Protein chains: 2
Amino acid sequence: MKENDLLIQTIRQRVSLSNDEAQILCPFFRRKSLNKKEKLFPNGAVAHDVAFVLDGVLRVWAYDAEGHERTLQFAPTDWWITDLASFIKQTPSDWHVEAMENTEVLLISREDQLKLFEILPQLQTYFRVITENALVAYQQRLQEAMGAPALERYKAFCLKYPTLVDRIPQKYIASYIGVSPEFLSKMKSEILRAGKKLI
Amino acid sequence: MKENDLLIQTIRQRVSLSNDEAQILCPFFRRKSLNKKEKLFPNGAVAHDVAFVLDGVLRVWAYDAEGHERTLQFAPTDWWITDLASFIKQTPSDWHVEAMENTEVLLISREDQLKLFEILPQLQTYFRVITENALVAYQQRLQEAMGAPALERYKAFCLKYPTLVDRIPQKYIASYIGVSPEFLSKMKSEILRAGKKLI
DNA sequence: ATAATTTCTTAAACCAGATTAAGTGAATGG
DNA sequence: CCATTCACTTAATCTGGTTTAAGAAATTAT
């Protein structure tokens, strides 16, 4: 059960959970290993599960109108990730949830998640709170996407995902902040040339 | 209590609520009238309350890096609205929540909302569900903002807020879809000239 | 090791949408 | 009821970021 320690610990940062309750919770989760480039569920399938990342990194992405990849979210260790629209309505998925490295996750199905909310009400509180926080984060990001120049968006990425900046290929960062890989490269070389410090 | 009918009815679209439970719920809400241009709370104050719109329209907006207004959300009848970041953490607000017409709302404070979640667990479920749905909507909107051309974003606005298209000044629609008022005007006249039909 | 592939950089031409400016019409207020 | 402000349009010019293309560097597979 050692692999569940990180999960319990993470949940306990937001709601209280006795050891007995933790024992109730654990069997709801299944462990899964994903190889680099492997997807959490097949393209177009329903996202049955939400994943809690133990180790590695996942990303959610889709093609935009012009056929470019756009990254919605990254998920390093102790983040939750899925195609939320598909997961909450159990409808076919529009997004790809893909491992960027060999990755270990814990999975829980929507059905089991809703069951768990009835058995352990604080779990519903936990997910309500992290959903509220995620909503705030997306509101801020939308505001940035519309009103802030690309360099500000790059800085915001660096603050949000400090562990990823020098770990994942730069083109995925570009697809997250919403610029072409060429332009991100140009921005970074301008920062260096000017000797500017980020943040 | 007639003014609470719309609230009860709206909640019952997602969770069950007996008449007795509805009677418990109602005293938690206070009614408030806002004049056109009036704000839900003073600039920089904490958003103590979340508002349920009975009649009229509110909008949430802030200035971007270049000093332009950016509209995050509109709320016509039966929508919920507040500065969510400020509301959930009870920290000073970054956003303006402002009436676009004379508007009637029901208010509940964060404190009372959390109390209510303990008294009526299905209310926590209700807010979890609408928060999940709002999160999905913001994910889609972010994807659009980054990858779709301005005309697509205008169409998406028209679908999302059909009651507002011919009701609010066009410059606020521009500030929502993320273009200058001049460019929205140009797009619309091009649609007309080409005799294209939206949607 | 070496070949094959992927990623990153640089630079020129290009474009969607911003900015500026000027004029017109519609609300609003005193 | 007039004056002022606010909302919308049109058009010229400008700009942040894209596209295209080509080469260099780093990974990955053989």
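Lettering follows sequence order; numbering is per chain, from 1. Since this is a predicted model, take the numbers as computed values, not measurements.
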- Message: Please evaluate residues B/Leu17 and B/Leu123 with respect to the criterion side-chain contact (heavy atoms from CB on, under 4.5 Å), reporting the C-alpha separation (whole Å), side-chain torsions for both, the decisive distance (0.1 Å), and the verdict.
- Response: CA-CA 9 Å; B/Leu17 197 71; B/Leu123 256 285; 3.9 Å; yes
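- One atom, CG of A/Leu184, and another, P of D/dG17, lie 12 Å apart when rounded to the nearest Å.
- Note: CG (B/Asp166) to P (D/dA7) measures 16 Å, nearest angstrom.
- Residue A/Phe183 has its side chain nearest to D/dT18 when only D/dT9, D/dC8, D/dT18 are considered.
- With sequence neighbours left out, B/Tyr138 forms a ring-ring contact (aromatic ring centres under 6.0 Å, His included) with no residue at all.
- Nucleotide D/dG17 holds its P atom 16 Å from the NE2 atom of A/His68, rounded to whole Å.
- Separating the NZ atom of A/Lys171 from the P atom of D/dT18 is a distance of 16 Å, rounded to the nearest angstrom.
- Atom-to-atom, CD1 of B/Ile168 to P of D/dC8 comes out at 10 Å; the value is rounded to the nearest Å.
- For the pair A/Val97/A/Lys39, no side-chain contact is recorded, criterion being any heavy-atom separation below 4.5 Å from C-beta on.
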- Query: For A/Arg12 and A/Ser16, what are the C-alpha separation, side-chain angles and deciding distance, and is it a side chain to side chain donor-acceptor pair (under 3.5 Å)?
  - Reply: CA-CA 5 Å; A/Arg12 281 184 174 154; A/Ser16 60; over 6 Å; no
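- Other members of a hydrophobic cluster containing A/Val46 are absent, since no ILVMFWY side chain comes under 4.5 Å of it, directly or through relayed contacts.
- Reading DNA chain C from its 5' end, the first and the last nucleotide to sit under 4.0 Å from a heavy atom of chain B are C/dG17 to C/dT28.
- Hydrophobic clustering (side-chain heavy atoms under 4.5 Å, transitive across Ile, Leu, Val, Met, Phe, Trp, Tyr) groups A/Leu54 together with A/Ile130.
- The nearest whole Å value for the distance from the CD atom in A/Glu66 to the C1' atom in D/dT18 is 10 Å.
- Closest-nucleotide positions on DNA chain C for B/Arg153 and A/Pro181 were compared, and the one nearer the 5' end corresponds to A/Pro181.
- Not counting sequence neighbours, the partners of A/Tyr161 by the ring-ring contact (aromatic ring centres under 6.0 Å, His included) test are A/Phe74, A/Trp79, A/Phe157, A/Tyr176.
- The side-chain contact (heavy atoms from CB on, under 4.5 Å) check on B/Asn43 picks up B/His96, with sequence neighbours excluded.
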Identify the pairs formed between an N or O of the protein and an N or O of nucleotides 22-30 of chain D at a distance under 3.5 Å, and give each distance.
| unit_1 | atom_1 | unit_2 | atom_2 | d |
| --- | --- | --- | --- | --- |
| D/dT28 | OP1 | A/Lys36 | NZ | 3.2 |

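- Remark: B/Ser189 is in phosphate contact with D/dT10, judged by side-chain N or O atoms under 4.0 Å from OP1 or OP2.
- For the pair B/Lys186 NZ and D/dA11 P, the interatomic distance rounds to 10 Å; values are reported in whole Å.
- The CD atom of A/Gln122 lies 9.5 Å from the CD1 atom of A/Ile11; values are rounded to the nearest 0.5 Å.
- When heavy atoms are screened at a 4.0 angstrom cut-off, B/Pro149 is found touching the sugar-phosphate backbone but no base atom.
- A straight line from CE of B/Met146 to P of D/dG16 spans 19 Å, rounded to a whole angstrom.
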